[in-house]
Amino acid sequence: MDKNLTPDDIAECITSLIARNKLWAGKKVYAYFLVNKTAGCFTNSHKSEKYKKFFSKVLEEEKSKPQCVKEVSYRIFSTEYAGHAKDLTKSVIAQLIATDEADTENIIITAGGDGTSLEVQTALYKCAMEGPKHRDAIMNKIALLRLPLGTGNDGTDGHTIEETVGLLRGGLLFTNARAIRVYPENTPDEAAVRACGKNPEKYQDMNFQSPWYAFNIASIGLDAYVVYMTNTVKKKLPGNFYHLCVPLSGVVYDKHFPVDTMKIEMYGNKDDSVPAQEINTKITLLAFGASGNRVYGGGHKILPNENNLCVTPKINLAGLIKENHRFVDGSFVGTNLASLHQADKIRLSYNKAILMQCDGETVMLSPAHFPLIMELTDPCLRVLQPISE
């Protein structure tokens, strides 16, 4: 028997769990797995064997339990190029809308890293904006499950696959989650962006097509540089290098991105014309979440309570190394290291180039992108939530 994990191992296990959860009782369920075979769960032999054993064990445990669905089936789609997950998602949605059946439930499941998850969620959200029929399908007929099989696992359903299995074995309900939309207040042209003196391709193939979306956390500053460094290192040496990249990034960050004062205007409602609060400060990082109680991949508690905005003023390298653990366990709350706020929209003004990350994917921002808007969307994507919450 092959020791390495296969997409079918994942699909058989997850659909077996779905078949026994009362959320889908009496329904015919179609599960669509969007798989990135270059993710570490498939390419790293140690991880692959570990996951193979885990999924096989769970599957064996589930076989003795009664099913409550009418029927469950699955299809697997493998991504072959950057952006393919978006194209596959659009195709699945088009098929589901064209063949709408009564008493059926559909679920799209991502099995890859942060990039795959972000592509799928962005495609779902954009499809919902195409019209009432699409919006109804996304909000009421297609659920989303994000498996934590990558390195970062930003915004997945469970920080570990063990947590995800626990979720699927428990009481569940559907809920519609908000997203974060990020866009320049005034659309810059490409020449203005490139005039900032930075080379966007050094960090990422620059996407001039805003808006950008995040479904967990969008952030600006040092942590976006850490994301870039981590992603760069893991391309050559697969693994989780977050703790190594924090001090390394701190050493060179100020040289590459000299910090200036950022104006942060906070709005209680995205339609408000006057900010409820304003902060002017040099920042180490700014994190804006789709809600409070959000973590970065690996469980780092950057938004540890109900507030969805974290503003961290400038911290020197020694302080960064000494206090970084507080941004892992959330113990920075109540200190002068950072302030937490609640906002539906923020408007950022800045006059230098700076990196932004959206759910683990980095984007280079130039002065021409500012003022920059980060705002919460209306509830849209249909996700799973434990009944106890």
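Source: prediction; values computed, not measured. The first residue in the sequence is number 1, and the count goes up from there.
In the hydrophobic cluster analysis, where Ile, Leu, Val, Met, Phe, Trp and Tyr join through side-chain heavy atoms closer than 4.5 angstrom, I14 is grouped apart from V120. If you chain together hydrophobic residues whose side chains sit under 4.5 Å apart, M129 and L144 fall into the same group. F42 and I76 fall within a single hydrophobic cluster, where Ile, Leu, Val, Met, Phe, Trp and Tyr side chains are chained together by heavy-atom contacts under 4.5 Å. L96 and L124 fall within a single hydrophobic cluster, where Ile, Leu, Val, Met, Phe, Trp and Tyr side chains are chained together by heavy-atom contacts under 4.5 Å. When the side chains of ILVMFWY residues are joined at heavy-atom separations under 4.5 Å, either directly or via intervening members, F215 and L376 end up in two distinct hydrophobic clusters.
F54 is listed as a side-chain neighbour of V165, based on a closest heavy-atom distance under 4.5 Å. When side chains are defined from C-beta on, L147 does not count as touching T156, because their heavy atoms never get closer than 4.5 Å. Here the side chains of S73 and Y30 are in contact, with some heavy-atom distance below 4.5 Å. At a threshold of 4.5 Å between non-hydrogen side-chain atoms, the residues T89 and L34 count as touching. The closest side-chain heavy-atom distance from W24 to I107 is below 4.5 Å. Contact of the L355 side chain with the V363 side chain is not registered, since no non-hydrogen atoms from C-beta on lie closer than 4.5 Å.
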D87 vs Y81, side-chain hydrogen bond (donor to acceptor under 3.5 Å, both in side chains): CA-CA, chis, key distance, verdict: CA-CA 10 Å; D87 297 336; Y81 52 83; 3.0 Å; yes

Verdict with reasoning, R181 to Y125, per side-chain hydrogen bond (donor to acceptor under 3.5 Å, both in side chains): CA-CA 10 Å; R181 183 191 296 113; Y125 182 82; 2.7 Å; yes

Criterion side-chain hydrogen bond (donor to acceptor under 3.5 Å, both in side chains) on S48 and H46, from CA distance to verdict: CA-CA 5 Å; S48 185; H46 174 72; over 6 Å; no

E278 vs M266, side chain to side chain contact (heavy atoms under 4.5 Å, CB included): CA-CA, chis, key distance, verdict: CA-CA 6 Å; E278 179 180 318; M266 306 173 209; over 6 Å; no

Trace of the side chain to side chain contact (heavy atoms under 4.5 Å, CB included) decision for D136 with K141: CA-CA 7 Å; D136 176 64; K141 299 175 183 178; 3.3 Å; yes

Verdict with supporting geometry, K270 and D378, salt bridge (charged side-chain N to carboxylate O under 4.0 Å, His left out): CA-CA 10 Å; K270 65 181 180 180; D378 293 332; 3.7 Å; yes

Residue pair L381, N176: steps toward the side chain to side chain contact (heavy atoms under 4.5 Å, CB included) verdict: CA-CA 5 Å; L381 301 192; N176 294 105; over 6 Å; no

Pair E361-E119, side chain to side chain contact (heavy atoms under 4.5 Å, CB included): steps then yes or no: CA-CA 10 Å; E361 297 297 310; E119 283 188 26; over 6 Å; no

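Under a 4.0 Å N-O distance rule, the pair R169/E62 qualifies as a salt bridge. A salt bridge links K57 with E61: the distance from a Lys NZ or Arg NE/NH1/NH2 to an Asp or Glu carboxylate oxygen falls below 4.0 Å. One finds a salt bridge joining R178 and D344 here, because a Lys/Arg side-chain nitrogen approaches an Asp/Glu carboxylate oxygen to under 4.0 Å. A salt bridge links R347 and E185; the closest N-O separation between the charged side-chain nitrogens and carboxylate oxygens is under 4.0 Å.
Separation of atoms CG (L384) and OG1 (T175) is listed at 10.0 Å; rounding is to 0.5 Å. L286 contributes atom CG, which lies 5.0 Å from atom CD1 of I264 (distance to the nearest 0.5 angstrom). Rounded to the nearest 0.5 Å, atoms OG (S16) and NZ (K65) are 8.5 Å apart. The distance from the CD atom of Q121 to the CG atom of L118 is 7.0 Å, given to the nearest 0.5 Å. R294 CZ to N305 CG: the interatomic distance, rounded to the nearest 0.5 Å, is 13.5 Å. Between L285 atom CG and C310 atom SG the span is 5.5 Å, to the nearest 0.5 Å.
Residues satisfying the side-chain contact (heavy atoms from CB on, under 4.5 Å) test with T15, not counting sequence neighbours, are A31, F33, V72, Y74. Partners of D329 by salt bridge (charged side-chain N to carboxylate O under 4.0 Å, His left out), not counting sequence neighbours: none found.
Neither side chain, E49 nor S45, offers a donor N or O lying under 3.5 Å from an acceptor on the other. Donor-acceptor pairing under 3.5 Å is lacking for the side chains of Y350 and H369. Side-chain N/O atoms of S117 and D114 include no donor and acceptor closer than 3.5 Å. Donor-acceptor pairing under 3.5 Å is recorded for the side chains of Y296 and D223.
Q385 places no side-chain N or O within 3.5 Å of a backbone atom of I387 that could act as its donor or acceptor partner. Without hydrogens or angle criteria, T281 side chain to I283 main chain gives no donor-acceptor distance under 3.5 Å. A donor-acceptor distance shorter than 3.5 angstrom exists from the side chain of E163 to the backbone of H159, with no hydrogens or angles considered. Panel note: side chain D103, backbone K27; no donor-acceptor pair is recorded below 3.5 Å. Side chain of N21 to backbone of I18: no donor-acceptor contact under 3.5 angstrom is found. Without hydrogens or angle criteria, T110 side chain to T116 main chain gives no donor-acceptor distance under 3.5 Å. Under the 3.5 Å distance criterion, the side-chain polar atoms of N308 are matched with a main-chain donor or acceptor of A343.
Taking both residues in full, the closest heavy atoms of V259 and Y253 are given as CG2-CE2, 4.3 Å, listed atom of the first, atom of the second, then distance. Nearest approach of I142 to R382, heavy atoms of both residues: O-CB, 3.3 Å. Considering every non-hydrogen atom in both I180 and N216, the closest pair reads CD1-O, 3.8 Å. Contact detail for K37 and P7: the closest heavy-atom pair is CE-CG, 3.9 Å. Of all heavy-atom pairs spanning P367 and N351, the tightest one is CG-O, 3.6 Å. Closest approach of L337 to P313, counting heavy atoms only: O-CD, 3.3 Å.
Under the 6.0 Å distance and 45° angle rule, K345 counts as a cation-pi partner of Y267. For the pair R326 and F332, the NZ or CZ position fails the cation-pi test of under 6.0 Å to the six-membered ring centre and within 45 degrees of the ring normal.
The number of heavy atoms from other shown groups lying within 6.0 Å of NZ (K90) does not exceed 12. Heavy atoms from other residues, nucleotides or ligands lying under 6.0 Å from NZ of K22 number 12 at most.
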